[in-house]
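Keep in mind that what you see is a predicted model, and the values were worked out from it rather than measured. Numbers restart at 1 for each chain; the letters A, B, ... are given by sequence-line order, proteins then strands.
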Number of protein chains: 2
Amino acid sequence: MARVTLADVARAAGVDMSTASRVLRGEATQRVREETRARILKVAGELQYLANPLARGLRTQRTDTLGIVVPQLDNPVFASAIRGAELAAARLGYSLLISHREPGETATTIAKISQTNRVDGLLVASLDDDEVLRTDLASAEVPFVLMNRILPGARLSVVLDSRAAARKAVDHLTALGHRRIVHLAGRAGGFNARERLQGYRDGLAAAKIAYDEDRVAVAGYTAEGGALAMRALLSQKPTAVLAATLVSAAGAMATLHEAGLRIPEDVSVIGLHDAPVAAMLYPPLTSVAMPTEEMGRVAATLLIRALAGETPDPVPPLPPGDLIVRRSTGPLLP
Amino acid sequence: MARVTLADVARAAGVDMSTASRVLRGEATQRVREETRARILKVAGELQYLANPLARGLRTQRTDTLGIVVPQLDNPVFASAIRGAELAAARLGYSLLISHREPGETATTIAKISQTNRVDGLLVASLDDDEVLRTDLASAEVPFVLMNRILPGARLSVVLDSRAAARKAVDHLTALGHRRIVHLAGRAGGFNARERLQGYRDGLAAAKIAYDEDRVAVAGYTAEGGALAMRALLSQKPTAVLAATLVSAAGAMATLHEAGLRIPEDVSVIGLHDAPVAAMLYPPLTSVAMPTEEMGRVAATLLIRALAGETPDPVPPLPPGDLIVRRSTGPLLP
DNA sequence: TTGAAAGCGCTACCAC
DNA sequence: GTGGTAGCGCTTTCAA
């Protein structure tokens, strides 16, 4: 159990702790004789020395650890953002501490992780309202970068270009000949929901289809929400539907099946975001991939640069990935 | 940024650091005058004092933090085990540090988390072979509890009763009149796979159905595996299938759809484990719920007790939860 | 090129 | 009941 200390190494190598520290830390100005250096390294290796991070952190006031707070773990979007953040962090010498904030939970998670777990900075994703998030963030004791949303006043955030993604999805649909396209929107008032709705309208406009607000229903980010919203939109006799997420697309598909409508013969369905679960639905869902892993990567990189004292420029929204055509979309049949 | 130290509080309250430490820590033998006590508490509150966990940990050699390492995050099984562990840990005054071990990753995760992230103990879930896991664990610098599997030599582990779960699923199928039941098995050689196969055989035996190894195919834990295994078993003309997991069930359903077989009219499908995704499949999947959250809870509790110096008895497998009847299973039609 | 020494902020032991 | 004080293991001046 991490028994061997720096003092042990120093003693065994016949040098002072400070010298051992210098070489073991790979200090820039290596004012150490090569011979001594080698000896210390050798001894440290033999003894399997590992610095005690607590002692080091106490002394340096840094932990080389980033925290990431997500609203839920079993969500491909956040899972892959975590992966990206972890990779980037590791590459830059940081480790990542994952934390999740349960839906009903009070605003303590951010405070807790930034206080009890000693992180140098925080990556935060949240589904909360602006006000709630702002309050949470106020208790952050460290610099942070927001993921997947913006918040007035929070300078550093990395978001996906949901508008372009929705546009891309609608383009696919219109190219297939669809014109009665309904939209299952995200959480009312949310940043991404707004963007996606705008992209939906962009796509409609590009195909010279008039926008009709009766063809939009709020589905939120649950399967039930998607099912309900789809049910409400059935009266519009849509030939295609753009769902804001995979999950709401799944809900919508359940409603369509129940209504005896065939996918894609009667109604095409497309979702935003891609993940393995898209292929597990029936029929496999066509979707626009989103660079969620890159989002995590970029966010971590940004944060680490900010931690290093730089003042990085805000990054533009990350453009959507490929359109993954599976079997839930097809040409408009006469 | 956690600027205010114990010394600040002590000074402001006009007492010695050691006294302040005693009351702030809520030490058992509170040999402190009530008046002094109140004053210290008041000052600490005003100053918003928060102990520096690095300093405390360095001194006490404990961090009151548990690590949990899972093979994947976006898997409902592990996500809910994490939730359970977190709840139990929080209740017992510990916080939880989540880490995941990417599939291809070398055996460093356990070593890393137990060394660089100061944890008092580890909760570990793994899909690796015994040998690999054993090697990994050898580098653990702290006590650990295994989740969802056993490993000869590792005394503390908490598993689900997969055998009983599979039996329960088969009972449902046989009660519906099915007799040609195939099994999509888990990873060959795996603990859970073995248990589930045994439960499958138990269920068959109870219904006086002869076991036929041609009716079992290894699907592993992916949708593709499930699809492939299902395809291989189609020649058995099954009327029902027991999939080892939700994901392999989803794969199997895709194969059945492709083959033009209706679910459940032609073939009933049941999976083990329940999660929201089960309801998103088409048709919604009948499954046997498993107490994965409890698994996390129990594992964390066990670990904390072990950390406290107790030698807790091994816990028996956790019995399966309810049979959730959705629409993928139905009576055998003539 | 190397060593000595002063803490980082806290706890725990011992003295008063 | 309360205060002094010695470190936990490390980094980082500053001297030598």
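- Between A:R37 atom CZ and C:dT2 atom P there is a gap of 11 Å when expressed in whole angstrom units.
- Phosphate contact (OP1/OP2 of D:dT11, side-chain N/O of A:R56, threshold under 4.0 Å): present.
- To the nearest angstrom, C1' of D:dG1 lies 11 Å from CD1 of B:I40.
- Note: CG (A:L6) to P (C:dG7) measures 19 Å, nearest angstrom.
- In this structure, A:T60 reaches the sugar-phosphate backbone alone: every heavy-atom distance under 4.0 Å involves primed, P, OP1 or OP2 atoms, never a base.
- In this structure, B:M17 places its CE atom 13 Å from P of D:dA6, rounding to the nearest Å.
- A close approach under 4.0 Å does not occur between any side-chain nitrogen or oxygen of B:R59 and OP1 or OP2 of D:dG7.
- OP1 or OP2 of D:dG9 has at least one side-chain nitrogen or oxygen of B:Q61 nearer than 4.0 Å.
- A sub-4.0 Å separation between OP1 or OP2 of C:dA5 and a side-chain N or O of A:S18 is absent.
- Atom-to-atom, CZ of A:R3 to C1' of D:dG9 comes out at 13 Å; the value is rounded to the nearest Å.
- Residue B:F191 holds its CZ atom at 4.5 Å from CD1 of B:I150, rounded to the nearest 0.5 Å.
- Applying the 4.0 Å criterion to OP1 and OP2 of D:dT12, one finds that A:R25 has a side-chain N or O inside that range.
- Nearest nucleotide to the A:A55 side chain, out of D:dG3, C:dC10, D:dC10: D:dC10.
- Counting heavy atoms from C-beta outward, B:L318 and B:D161 have side chains that stay 4.5 Å or more apart.
- Interatomic distance, A:T65 OG1 to B:L97 CG, rounded to the nearest 0.5 Å: 8.5 Å.
- A donor-acceptor contact under 3.5 Å is formed by the side chain of B:R22 with the base of D:dG3.
- Protein atom CG of B:D16 is 12 Å distant from nucleotide atom C1' of C:dA15, rounded to whole Å.
- Ion pairing of A:R118 with A:D64 is absent here, as no side-chain N (NZ or NE/NH1/NH2) approaches a carboxylate O to less than 4.0 Å.
- A side-chain donor from one of B:R25 and B:S21 sits under 3.5 Å from a side-chain acceptor of the other.
- When the side-chain nitrogen and oxygen atoms of A:T19 are compared with OP1 and OP2 of C:dG3, one or more of them lie within a distance under 4.0 Å.
- Atom C1' of nucleotide D:dC8 and atom CG of B:L58 are separated by 4 Å, given to the nearest angstrom.
- Per the geometry, CD belonging to B:E35 stands 8 Å off P belonging to D:dT2, to the nearest Å.
- Remark: B:S21 is in phosphate contact with C:dT11, judged by side-chain N or O atoms under 4.0 Å from OP1 or OP2.
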